[in-house]
Participant: 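I'd like to ask some things about the structure below.
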Amino acid sequence: MPEGHSIHRVARVHRRWLVGRRFTADSPQGRGELAHGVSGRTLLNVDAHGKHLFHTFEGDVRLHIHLGLFGRIRHFRNDGPVPSTACRLRLASDGATLHLSGPSACELLSLEDEAALRARLGEDPLRVDASPDRAYARLTRGRMPLAQALLDQGRIAGVGNIVRAEALFVAKLPPLLPACELERDAFDGLWSAMRALLQDGVRDGLIVTPGAPPLPSPGRKRAERFCVYSRAGLPCPRCGAKVTGQVLAARTLYFCAACQGVDRVRRSRRKPVFAPAP
DNA sequence: ACAACATGAGAAA
DNA sequence: TTCTCCTGTTGTC
């Protein structure tokens, strides 16, 4: 569910359908104070930055939601079904109800705390105020592998494991290149690949990488379709070589070692620190 | 039925 | 680096 595109899509839906409504809130999971803080207030605004959602209610009440790995928001036009015991927050108004379950964060924030949180977030390719210059400066700080830097939300916000793999593939970049060796024109290709994937994802509600092959096993229900993500051992749709899946900093990184090469990408050629896998 | 795994991230060591 | 939290889906038996 949750990479940046999902969050921005939720924000869009909520702006369109929920802003202006007055909600009653409850928490079947037993977070009474949280529900009490929101209940009876009108929703004024919804904003997304990276994977974070910010709802502003009347009376200076700010709700911060992060879905984490497991979080989900279900929407209903009517009252909706009986919420499960795992439902952390239910917001109900006339003709629109939502159930939030499994978030890693669902809290009320003061103005200062929200500002501090937003200040820690990097450039979000989905935001109009995003600065590619700043994104490049932050992303290329240090020698950490490019793929690892891409998941650091303080550098670039909203990119998750799927988008990093697919964008690096589309831009034909080597994931293990030290971030500081990424040339500016190579970054520009990566930035536009990420933005295109995320923007299409907001529009369609799921990530579909152009050029992705049909699903390997027809029975699978996976909604999103990829070139390399989750395709370890399967043929690369561009060159046919086997896709690599390897764990990097506790996350599985997928890429095609054969066609995501190092050419034209280095900033300094002095030290051959990185060599593509054989 | 049951186990493994997942699009995340913070804290601890 | 390893643990920890949270829930739902996928695959194996």
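All heavy atoms count here, side chains included; hydrogens, waters and symmetry mates do not. Each chain gets a letter, A, B and so on, in the order the sequences are listed, and its residues count up from 1.
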Participant: Decide, yes or no, whether a salt bridge links A/Arg184 with A/Asp133 under the criterion of side-chain N to carboxylate O below 4.0 Å.
Facilitator: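 Between A/Asp133 and A/Arg184 there is a salt bridge, with a charged N closer than 4.0 Å to a carboxylate O.
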
Participant: Atom CZ of A/Arg88 to atom P of C/dT7: distance rounded to whole Å?
Facilitator: 7 Å

Participant: Are A/Gln153 and B/dG8 close enough that a side-chain N or O sits under 4.0 Å from OP1 or OP2?
Facilitator: no

Participant: Expressed as a whole number of Å, how far does the P atom of B/dC2 sit from that of C/dC5?
Facilitator: 22 Å

Participant: Can you find a side chain N or O atom of A/Arg74 that sits less than 4.0 Å from OP1 or OP2 on C/dG8?
Facilitator: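 Yes, because at least one side-chain N or O of A/Arg74 sits under 4.0 Å from OP1 or OP2 of C/dG8.
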
Participant: For A/Arg164, report the nucleic acid contact type (base, sugar-phosphate, nothing); a contact means any heavy atom under 4.0 Å.
Facilitator: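 The residue A/Arg164 makes no contact with any strand.
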
Participant: Is the A/Tyr229 ring parallel, tilted or perpendicular to the A/Phe226 ring (thresholds 30°, 60°)?
Facilitator: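 Rings of A/Tyr229 and A/Phe226: perpendicular, as their planes differ by over 60°.
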
Participant: For A/Gln29, which contact category applies under a 4.0 Å heavy-atom criterion: base, sugar-phosphate, or nothing?
Facilitator: sugar-phosphate

Participant: Tell me: CG of A/Leu69 to C1' of C/dC6, nearest whole Å?
Facilitator: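 Going from A/Leu69 (CG) to C/dC6 (C1'), I get 9 Å.
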
Participant: In this structure, how many angstroms lie between the P atom of B/dA6 and the CZ atom of A/Arg231, rounded?
Facilitator: 16 Å

Participant: Show the nearest heavy-atom pair for residues A/Arg251 and A/Asn161, with the distance to one decimal.
Facilitator: NH2-CB, 3.9 Å

Participant: According to a strict under-4.0 Å criterion, is A/His66 in side-chain N/O contact with OP1 or OP2 of B/dA9?
Facilitator: yes

Participant: Quantified in whole Å, what is the C1' atom distance between nucleotide B/dT7 and nucleotide C/dT1?
Facilitator: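 Comparing C1' positions in B/dT7 and C/dT1 gives a spacing of 22 Å.
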
Participant: From CZ of A/Arg120 over to P of B/dG10, roughly how many Å is that when rounded to an integer?
Facilitator: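 Rounded to the whole Å, the gap is 6 Å.
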
Participant: Please state how far atom CG in A/Leu151 lies from atom P in B/dT7, giving the value in whole angstrom units.
Facilitator: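 So the two atoms are 9 Å apart, to the nearest Å.
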
Participant: Under 4.0 Å between a side-chain N/O of A/Lys51 and OP1 or OP2 of B/dT7, yes or no?
Facilitator: no

Participant: What is the distance from CG of A/Leu253 to P of B/dT7, rounded to the nearest Å?
Facilitator: 11 Å

Participant: Can you see which heavy atom on A/Pro28 is nearest to which on A/Ser84, and at what distance?
Facilitator: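 So the minimum-distance heavy-atom pair works out to CB-O, 3.8 Å.
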
Participant: Check whether any side-chain nitrogen or oxygen of A/Arg72 sits under 4.0 Å from OP1 or OP2 of C/dT9, and answer yes or no.
Facilitator: yes

Participant: B/dG8 P sits how many Å from A/His5 NE2, rounded?
Facilitator: 10 Å

Participant: Whole angstrom is fine here: how far is it from CG in A/Asn161 over to P in B/dC5?
Facilitator: 15 Å

Participant: If you pin A/His52 and A/Phe70 to their nearest nucleotides in DNA chain B, which one's is more 5'?
Facilitator: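 Looking at the nearest nucleotide for each, A/Phe70 comes out on the 5' side.
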
Participant: Do A/Leu34 and A/Leu100 land in one hydrophobic cluster if side-chain heavy atoms of ILVMFWY residues count as linked below 4.5 Å?
Facilitator: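 In one cluster with A/Leu34: A/Leu100, yes.
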
